[in-house]
Amino acid sequence: LEFTRGLGFRTAALRFTNLRLGYGHAGQAALERRAVFIPDLSQAADSFLESSLFDEEGFVAYYGLPLIAKGKLVGFAIPSAGPGFQDTIRVIYGYKPAERKVIGMWILESRETPGLGDKIYKDADFVANFDDLAVDPTIVTVKKGTKTAPNEIDAITGATISAKAVARIMNEGHVIWDKRLPRPGA
């Protein structure tokens, strides 16, 4: 596994990282074809924080999401963050550039109102909006039950601000990352 793109890192440590399948957290995610989530790296027994270069990054959690098919990279896990109703919402989403589609979205951090805004990650129907979602021209939030286009997501009744915030955060992340990602087949 070779590092190809990065944004927002404090050091160049990751640029010089090469891992074999099965080694390190990223290597495990790729080899085992599963998500690897470590919510508190300070508690991990085999943390890469033991390296002084990685320690300078200030990492506190790890999310590894492989987007591999037939041994080839087919997509990217893209992080993005922005203001929600209560506080910053942090997301990560799978993106297949060849299809220009989001293939899943996970809320990494949210302090949205319990029972309403927290439905952005607790409501399975809302989360399912992101399983096959076109990014062009942009992701649009519509009233629940009225989506008709491949780039639309159903809002959450009573939590429209939070639902719209997720769409806006992903649109803003897409604008930043789309120009930096390798083109399909490159």
Side-chain angles (χ1 to χ4, degrees), residues 4-9 29-30 33-37 39 60-70 72-186:
T4 58
R5 295 281 194 274
L7 179 68
F9 295 108
R33 306 284 203 263
R34 66 176 179 85
V36 173
F37 170 55
V60 295
Y62 179 83
Y63 301 87
L65 303 167
L67 300 173
I68 298 171
K70 297 181 183 176
K72 296 188 184 247
L73 179 70
V74 295
F76 299 92
I78 299 178
S80 193
F85 178 69
Q86 295 281 18
D87 200 353
T88 300
I89 297 172
R90 298 185 192 291
V91 306
I92 193 164
Y93 60 95
Y95 176 63
K96 290 177 89 173
E99 297 176 22
R100 301 207 41 86
K101 286 190 173 185
V102 170
I103 56 170
M105 180 277 305
W106 299 268
I107 302 293
L108 301 178
E109 182 181 344
S110 170
R111 291 186 180 87
E112 297 299 276
T113 308
L116 289 172
D118 65 357
K119 290 181 180 179
I120 60 174
Y121 59 92
K122 290 184 175 179
D123 182 324
D125 290 333
F126 179 74
V127 174
N129 277 300
F130 302 91
D131 289 346
D132 187 31
L133 178 65
V135 296
D136 295 317
T138 60
I139 299 169
V140 178
T141 307
V142 298
K143 184 176 179 182
K144 188 170 185 168
T146 65
K147 75 177 179 177
T148 58
N151 65 317
E152 294 178 341
I153 61 170
D154 281 325
I156 301 169
T157 304
T160 306
I161 294 172
S162 299
K164 285 183 175 181
V166 171
R168 179 184 34 76
I169 290 164
M170 290 178 66
N171 283 327
E172 290 169 357
H174 182 71
V175 166
I176 292 168
W177 283 98
D178 192 44
K179 352 175 216 206
R180 293 177 167 89
L181 298 174
R183 297 292 100 194

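Residues: numbered from 1 along the sequence shown.
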**Request:** Might you work through the side-chain contact (heavy atoms from CB on, under 4.5 Å) test for R100 and D178, ending with a clear yes or no?
**Result:** CA-CA 10 Å; R100 301 207 41 86; D178 192 44; 3.3 Å; yes
**Request:** Give every residue pair that meets the side chain to side chain donor-acceptor pair (under 3.5 Å) criterion with at least one member in residues 155-171, sequence neighbours excluded.
**Result:**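 Residue pairs passing side chain to side chain donor-acceptor pair (under 3.5 Å), neighbours aside: E112-S162.
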**Asked** Restricting to pairs with a member in residues 113-129, which pass side chain to side chain donor-acceptor pair (under 3.5 Å), not counting sequence neighbours?
**Response**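 Every side chain to side chain donor-acceptor pair (under 3.5 Å) pair that includes a residue of residues 113-129, provided the two are not neighbours, is Q86-T113, D118-K122, N129-K147.
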**Complete:** Rounding to 0.5 Å, atoms CE (M170) and CH2 (W177) come to a distance of 14.0 Å
**Prompt:** Does the pair V166 and T141 meet the rule for a side-chain contact (heavy atoms from CB on, under 4.5 Å), with working shown?
**Reply:** CA-CA 9 Å; V166 171; T141 307; over 6 Å; no
Which heavy-atom pair separates [X] from [Y] by the least distance, and what is that distance?
X    : Y    : answer
P97  : F76  : CG-CE1, 3.6 Å
V91  : I107 : CG1-CD1, 3.5 Å
G94  : W106 : N-CZ3, 3.8 Å
P83  : A165 : O-CB, 3.7 Å
P137 : N151 : CD-ND2, 3.6 Å
L116 : G158 : CD2-O, 3.7 Å

**Item:** Residue pairs passing the salt bridge (charged side-chain N to carboxylate O under 4.0 Å, His left out) test where at least one lies in residues 150-159, sequence neighbours excluded
**Value:** none
**Message:** Is it the case that the side chain of S80 and the backbone of I169 share a donor-acceptor pair, with hydrogens and angles ignored and the cut-off at 3.5 Å?
**Reply:**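 At least one qualifying donor-acceptor pair exists.
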**Request:** Measure from the ring center of H174 to the ring center of Y95 and say whether it is less than 6.0 Å.
**Result:**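 Centroid distance H174-Y95: below 6.0 Å, so yes.
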**Request:** Taking side-chain contact (heavy atoms from CB on, under 4.5 Å) as the test, write out the residues that go with L133, two or more places apart.
**Result:** V102, F130, I139, I153
**Message:** According to side-chain contact (heavy atoms from CB on, under 4.5 Å), who are the partners of A128, at least two apart in sequence or on a separate chain?
**Reply:**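 Once residues adjacent in sequence are excluded, the partners of A128 under the side-chain contact (heavy atoms from CB on, under 4.5 Å) criterion are D131.
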**Request:** Return the set of residues passing salt bridge (Lys or Arg N to Asp or Glu O under 4.0 Å) with R90 (not counting sequence neighbours), or none when no residue passes.
**Result:**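 E109.
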